[in-house]
Amino acid sequence: MTNLKEKNSPRRLKNKLINLFRAEPIIPQSNSEEDDSTHNSFSTSSSTASPDYLSDMNPPSTSPSPYNLSPWNPTMPSPFTKSPWVTYGGFFDEGPSTGLVGSLVREEGHVYSLAASDDLLFTGSESKNIRVWKNQHEFTGFKCSSGFVKAMVISNGKIFTGHQDGKIRVWKVSPKDPTVYKRVASLPLMKDFIKSSINPSNYVEVRRHHNTVWIRHFDAVSCLSLDEEAGLLYSGSWDKTVKVWRLSDFKCLESIKAHDDAVNTVAVGSDGLVFTGSADGTVKVWRREMTKSKGGDTRHMLVRALLQGESAVTSIAVSEESGIVYAGSSDGKVNYWDMNRRFAYGGALRGHKMAVLCLAVSGRLVVSGSADKSLCVWRREEKGGAHTKVTSLTGHEGPVKCVAVEEEKYQVGSGFNFRDWGQKWVVYSGSLDRSVKVWRVAEDMEPQLELNSRTPTHVIGAGRSPLHVPAGTGTDGPNGWDLLRNWKEHGNKRV
């Protein structure tokens, strides 16, 4: 009798539960090869993550929460059990005011893009699959026929994805079933492509002895940006162009010969301004003008170049609230300019040891992700416009390729007065270590240190010659983990 009580004691039951969580989950793999799947049972082609990585970097939660139990329970007939993703920790669990609060370990490929909308998180990778997450658990997913998912934006219920194969695909959720997403278009539209192909004047030379119609990207689509007020979508490509699409009918209105090398980033500002960054080391400012033609076409004129150097420009983010333009580059710096002061150079944020690969701005916070596997969080001070480094977020085992920031909509944790920390934010980071991590950041927390260089070594000043900067470590190319070797050996500057 005594042995039975000891066997069923709360302490022994708790230890059994902990051991259960520490066991590797059994994750069934789907063998479906259907293209453009519109439900959450789609194929995955991946290698299995090592047990050491799972245990060392993402220790499983010991809290008996349904969020932790449901995706691991093989007896539950849930679609979550078919996912190659494993969730560690619940987002709404009690946790620190700033730091890692959740981790999604991907077993199907490097994470190249992500986008957050309301309570949903969309993630894209080299596996051609797009996963949809809700409350840190897989909600549904859909699959495209070809091309890595390199860029993603969301507008009015439509998801726009840019791919390695040079196409832009448009997806929309079914009004009858929120777990079903259907592809509604592929840009350029087939009818527009055929119409343009008939007229010889619509062809442009893309390389020696090879021509194609101007409305089509002939290389990877590396970046997307929306101007919802104007109803326009901008796409940047390794083919050195930026194309302008009308959202109402998906027509390509213009193709801008923007740079001398691959376009890595494009961002929309206010008052018709568009910012582009390239592997050629430049940041350019364009102004949109509407033409008087019947089709309502656009024309973009070059206003000025903000930056020119030997380090590739990898990412641009615009804060419409403050009028600040931020540009990350392969030398590890984030330069910024003030649009309200005629693009006066503000300085350089120095917090990374390797290339900056992604940027996000929300409120007074600026978040940068880097090839050094970390994220830096900066806060723009209200007085003087200086920037303070709030914290560094570490935990990824590979370069941080994409980042998104959302306002935290829920009160998290208990026994902690978050009002003392002001505005709270949720940061999502995708990495080439095949994981997405979720972080919590408080805007007014005490800073670690202040970094704000005001030496304008990168600036092209009025009436002055371009100033060059030392070559950086380069940025990532299409070969996944080979990118670090490419940076050092080949100087690949495409992202």
Side-chain angles (χ1 to χ4, degrees), residues 32-40 42-43 45 109 112-115 117 122-132 140-175 180-199 202-204 206 210-228 231-256 263 266 295 297-298 478:
S32 171
E33 294 297 330
E34 179 184 1
D35 288 341
D36 294 336
S37 174
T38 59
H39 48 82
N40 58 357
F42 51 95
S43 66
S45 57
Y112 282 102
S113 59
L114 56 81
S117 176
F122 297 79
T123 57
S125 72
E126 63 182 350
S127 69
K128 309 173 188 176
N129 292 333
I130 300 166
R131 302 275 179 177
V132 186
T140 185
F142 46 100
K143 178 185 176 182
C144 63
S145 58
S146 62
F148 294 178
V149 186
K150 296 186 66 66
M152 191 183 309
V153 291
I154 303 173
S155 174
N156 295 326
K158 295 186 180 69
I159 300 94
F160 298 84
T161 54
H163 297 261
Q164 184 82 19
D165 62 5
K167 292 183 179 180
I168 302 168
R169 294 175 172 87
V170 189
W171 312 83
K172 191 173 182 180
V173 65
S174 170
V180 176
Y181 284 77
K182 297 181 178 180
R183 189 183 68 179
V184 296
S186 182
L187 310 185
L189 299 177
M190 182 59 69
K191 64 176 183 179
D192 294 336
F193 181 77
I194 295 175
K195 184 178 179 180
S196 297
S197 301
I198 298 174
N199 189 346
N202 288 328
Y203 284 82
V204 294
V206 294
H210 182 74
N211 297 336
T212 188
V213 291
W214 65 269
I215 66 172
R216 177 182 180 181
H217 284 299
F218 69 89
D219 209 335
V221 176
S222 57
C223 50
L224 296 171
S225 185
L226 283 163
D227 188 338
E228 297 190 73
L232 299 175
L233 170 70
Y234 292 83
S235 61
S237 170
W238 289 356
D239 64 11
K240 309 176 187 179
T241 70
V242 172
K243 299 192 187 299
V244 188
W245 311 83
R246 189 163 54 204
L247 295 177
S248 60
D249 57 3
F250 303 134
K251 179 183 178 182
C252 185
L253 302 178
E254 184 183 4
S255 181
I256 307 169
V263 178
V266 59
D297 294 341
T298 64

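Counting begins at 1 with the first residue of the sequence.
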Note: Ser237 and Ala220 closest approach over all heavy atoms is OG-O, 2.8 Å

For Gly109, does its backbone N or O pair with a side-chain atom of Ser125 as donor and acceptor, under 3.5 Å? no

If you round to the nearest 0.5 Å, how far is NZ of Lys143 from CZ of Arg131? 10.5 Å

Step by step, would you call Ile159 with Tyr181 a side chain to side chain contact (heavy atoms under 4.5 Å, CB included)? CA-CA 9 Å; Ile159 300 94; Tyr181 284 77; 3.5 Å; yes

Non-neighbouring partners of Ser255 that pass side chain to side chain donor-acceptor pair (under 3.5 Å), sequence neighbours left out: Lys243

dist Ile168:CD1 -> Phe160:CZ (nearest 0.5 Å) comes out at 9.0 Å

Ring geometry between Tyr112 and Phe148 (parallel below 30°, tilted from 30 to 60°, perpendicular above 60°): parallel

Which atom names give the shortest non-hydrogen contact between Val221 and Lys150, and what distance separates them? O-CB, 3.5 Å

Any non-hydrogen side-chain atom of Tyr234 less than 4.5 Å from a side-chain atom of Cys223? no

Spacing of CZ belonging to Arg169 relative to CD1 belonging to Ile130, to within rounding of 0.5 Å: 8.5 Å

Taking all heavy atoms of Leu224 and all of Gly162, pick out the closest pair and write down the distance. CD1-N, 3.5 Å

What heavy-atom pair brings Ser155 and Leu247 nearest, and what distance separates the two atoms? OG-CD1, 4.3 Å

Asp192: partners by side chain to side chain donor-acceptor pair (under 3.5 Å), with sequence neighbours left out: none

Take Leu232 and Thr298 through the test side chain to side chain contact (heavy atoms under 4.5 Å, CB included) and record every step on the way to the result. CA-CA 10 Å; Leu232 299 175; Thr298 64; 4.2 Å; yes

Under the criterion side chain to side chain contact (heavy atoms under 4.5 Å, CB included), I'd like the reasoning laid out for Glu254 against Trp245: C-alpha separation, chi angles, the key distance, then a yes or no. CA-CA 7 Å; Glu254 184 183 4; Trp245 311 83; over 6 Å; no

Which heavy atom of Thr212 sits nearest a heavy atom of Arg216, and at what distance? OG1-CD, 4.3 Å

So Trp238 and Val263, do their side chains get closer than 4.5 Å, heavy atoms only? no

Asp239 versus Thr241, closest heavy-atom pair with distance: OD1-OG1, 2.7 Å

Roughly how far, to the nearest 0.5 Å, is the CZ atom of Arg246 from the NZ atom of Lys251? 5.5 Å

Measuring from His163:NE2 to Ser186:OG, what's the distance to the nearest 0.5 Å? 7.5 Å

Between Ser174 (side chain) and Val180 (backbone), is there a donor-acceptor pair under 3.5 Å? no

Just checking Asn199: does its CG atom have more than 12 heavy atoms from other residues, nucleotides or ligands closer to it than 6.0 angstrom? yes

Would you find a donor on one side and an acceptor on the other, under 3.5 Å apart, between the side chain of Tyr203 and the backbone of Ser197? yes

Audit row: Leu233, Val153, side chain to side chain contact (heavy atoms under 4.5 Å, CB included) steps and yes/no: CA-CA 9 Å; Leu233 170 70; Val153 291; 4.0 Å; yes

SG (Cys144) and NZ (Lys128) are apart, to the nearest 0.5 Å, by 7.0 Å

Thr161 (side chain) donor-acceptor with Met152 (main chain) under 3.5 angstrom: no

Is it the case that the ring center of Trp171 lies less than 6.0 angstrom away from the ring center of Phe142? yes

Do Asn156 and Glu228 make a side-chain contact, defined as non-hydrogen atoms from C-beta onward lying under 4.5 Å apart? yes

